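Read through the structure below, which is laid out as structure tokens, and then see the notes.
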Amino acid sequence: MYEQEKIIPYNGKGEKSKLVEEMFDKIAPTYDTLNHRLSWDIDKGWRKKAIKQLQPYHPQLMLDIATGTGDFAILAAKELSPSHLIGADISEGMMAIGREKVKKAGLNDVISFQKEDCLNLSFPDDTFDAVTAAFGIRNFQNLDKGLTEICRVLKKGGHLSIVELTTPVGFPMKQLFRIYSNTILLNYAKFISKDKSAYEYLNKTVEAFPQGERMMEIFHKAGFTKSSFRRLTFGICTMYLAEK
């Protein structure tokens, strides 16, 4: 068991997956605002870099895991022009916002949303050309099982592109990031979302989540044949690419 799997929202009173679903339903109305403001909109650039990793492969059928409010799915649809993209999430509250954004963007013919347990996906083996995930896999109740499921539904030669928040590894960014995330971030999140507990959970999972070279081992264990990573913005975010 990885350290972030032991971290459970709302003091751990219940099954993690159910509590994560409840948490995201609660914070859905303010989620986008907080993400963009707390990262100074840098998160938009991180997503764009992760999508560009897939451009050489021209994926046509795509899956966006832990799609949330659909930002990554919408960007992928615009940048990659797939024939169809499914946004999958356990939170109906988040996806309801995503559906409105997709409608506004005129992408209803390309993007659809589906409630899914990421540890037990309903799709057949070898379905998708590419899978994406932005800031979501660290909430998996079982990271190995979740990545194995993603590998299962990917076609051979298909790719997984991930961006995930991480902790900087070098001085002084490591120390500065810890101060920022444990003071300014939490207090601002409490002010906007009225749910400080949710952001305390999210903050702890960033600190506990495996990153870099350790993730390469985890991808290999899940069945991927190749993987690479690149740290972005002094290591505050890490971008991964894995091939089945």
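As the structure is a prediction and not an experimental result, all values here were calculated from the model.
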* Beyond-backbone contact of N139 with Y201, side-chain heavy atoms, under 4.5 angstrom -> yes
* Say whether I74 and L85 are linked into one hydrophobic cluster, either directly or through other cluster members, by side-chain heavy-atom distances under 4.5 angstrom. => yes
* Asked: With sequence neighbours left out, what residues match K52 under salt bridge (Lys or Arg N to Asp or Glu O under 4.0 Å)?
  -> none
* Determine, using the 4.5 Å side-chain heavy-atom cutoff (strictly less than), whether I111 and L61 are members of one ILVMFWY cluster. => no
* Given the rule that I, L, V, M, F, W and Y join up when any side-chain heavy atoms are under 4.5 Å apart, are I8 and Y2 in one cluster? -> no
* Same cluster (ILVMFWY, side-chain, under 4.5 Å), Y57 and V131 -> no
* Asked: Looking at side-chain heavy atoms only, is the closest gap between Q55 and E79 below 4.5 Å?
  -> yes
* To do: May I ask you to test the I86-F123 pair for a side-chain heavy-atom distance under 4.5 Å?
  => yes
* Dump the intermediate steps for salt bridge (Lys or Arg N to Asp or Glu O under 4.0 Å) on E217 and R214, then the final yes or no. => CA-CA 5 Å; E217 298 171 7; R214 180 71 180 110; 2.7 Å; yes
* Asked: Does E22 come within less than 4.0 Å of K18, counting only side-chain N to carboxylate O?
  -> no
* Under the salt bridge (Lys or Arg N to Asp or Glu O under 4.0 Å) rule, what pairs show up with a residue in residues 173-183, not counting sequence neighbours? -> none
* Asked: Which ring-ring contact (aromatic ring centres under 6.0 Å, His included) pairs, counting each pair once, include a residue from residues 69-118, with sequence neighbours left out?
  -> none
* **Heavy atoms of other groups near N120 CG, more than 12 under 6.0 Å** => yes
* How many angstroms lie between atom NE2 of H159 and atom CG of L154, to the nearest 0.5 angstrom? -> 9.0 Å
* **Student check: side-chain heavy atoms of L119 and E149 closer than 4.5 Å** => no
Please tabulate, one pair per line, all N/O donor-acceptor pairs under 3.5 Å involving side-chain atoms of residues 220-234, not counting sequence neighbours.
from	atom 1	to	atom 2	distance (Å)
K221	NZ	D144	OD2	3.0
T225	OG1	E243	O	3.2
T233	OG1	W46	NE1	2.8

* Asked: Is there a donor-acceptor contact under 3.5 Å from the side chain of T166 to the main chain of G235?
  -> yes
* Give, for atom CG of L19 and atom OG of S197, the distance between the pair rounded to the nearest 0.5 Å. => 9.5 Å
* **Where A28 and I97 come nearest, the two heavy atoms and their spacing** => O-CD1, 3.2 Å
* Asked: Is K204 paired with E207 through a side-chain N to carboxylate O contact shorter than 4.0 Å?
  -> no
* Over all atoms of both residues, closest heavy-atom pair of P9 and V20 -> CG-CG2, 3.9 Å
* F24 side chain reached by L202 side chain, heavy atoms, under 4.5 Å -> yes
* Asked: Should M62 and I65 be regarded as members of a common hydrophobic cluster, given that ILVMFWY residues are connected when their side-chain heavy atoms come within less than 4.5 Å of each other, either directly or indirectly?
  -> no
* Would a distance-only check, ignoring hydrogens and angles, find a side-chain to backbone donor-acceptor pair under 3.5 Å from T205 to Q4? -> no
* **Rounded distance [0.5 Å steps], OH in Y10 versus CD in E200** => 11.0 Å
* M215 versus L147, closest heavy-atom pair with distance -> CE-CD1, 4.4 Å
* Asked: How close do F135 and C237 get, heavy atom to heavy atom, and via which atoms?
  -> CE2-SG, 4.2 Å
* **Reported CG-to-CG distance for the pair L63 and L121, which is rounded to 0.5 angstrom** => 6.5 Å
* Assess whether side chain to side chain contact (heavy atoms under 4.5 Å, CB included) is satisfied between L75 and K44, documenting all intermediate values. => CA-CA 9 Å; L75 182 63; K44 296 178 181 178; over 6 Å; no
* Salt-bridged, K6 to E3, with N to O below 4.0 Å? -> yes
* Asked: Taking C-beta and beyond as the side chain, do L54 and T132 meet within less than 4.5 Å on heavy atoms?
  -> yes
* **Stepwise side chain to side chain contact (heavy atoms under 4.5 Å, CB included) check, D129 with K155** => CA-CA 6 Å; D129 299 307; K155 295 176 182 176; 3.1 Å; yes
* side chain to side chain contact (heavy atoms under 4.5 Å, CB included) assessment of Y240 paired with Q211 -> CA-CA 10 Å; Y240 300 96; Q211 59 177 295; 3.6 Å; yes
* Asked: Does the side chain of E15 reach to within under 4.5 Å of the side chain of Q141, using non-hydrogen atoms?
  -> yes
* To do: Check whether any side-chain N or O of K244 sits under 3.5 Å from a backbone N or O of G158 as a donor-acceptor pair, and report yes or no.
  => no
* For E92, which residues count as a salt bridge (Lys or Arg N to Asp or Glu O under 4.0 Å) partner, sequence neighbours excluded? -> R99
* Are side-chain heavy atoms of V163 and M239 found at a separation under 4.5 Å? -> yes
* Structure fact -> The reported gap from CG in L160 to CD in Q53 (rounded to nearest 0.5 angstrom) is 9.5 Å
* Asked: Is a side-chain N or O of K16 found less than 3.5 angstrom from the main chain of I7, in a donor-acceptor match?
  -> yes
* Asked: Could you give all pairs that pass the salt bridge (Lys or Arg N to Asp or Glu O under 4.0 Å) test and reach residues 110-121, with sequence neighbours left out?
  -> E21-K115
* Structure fact -> Closest non-hydrogen contact found for D89 with A66 is OD2-C, 3.2 Å
* So, for G93 and D25, which heavy atoms are closest and what is the spacing to 0.1 Å? -> N-OD1, 2.9 Å
* Asked: At what distance, to the nearest 0.5 angstrom, does CD1 of I218 lie from CZ of F209?
  -> 6.5 Å
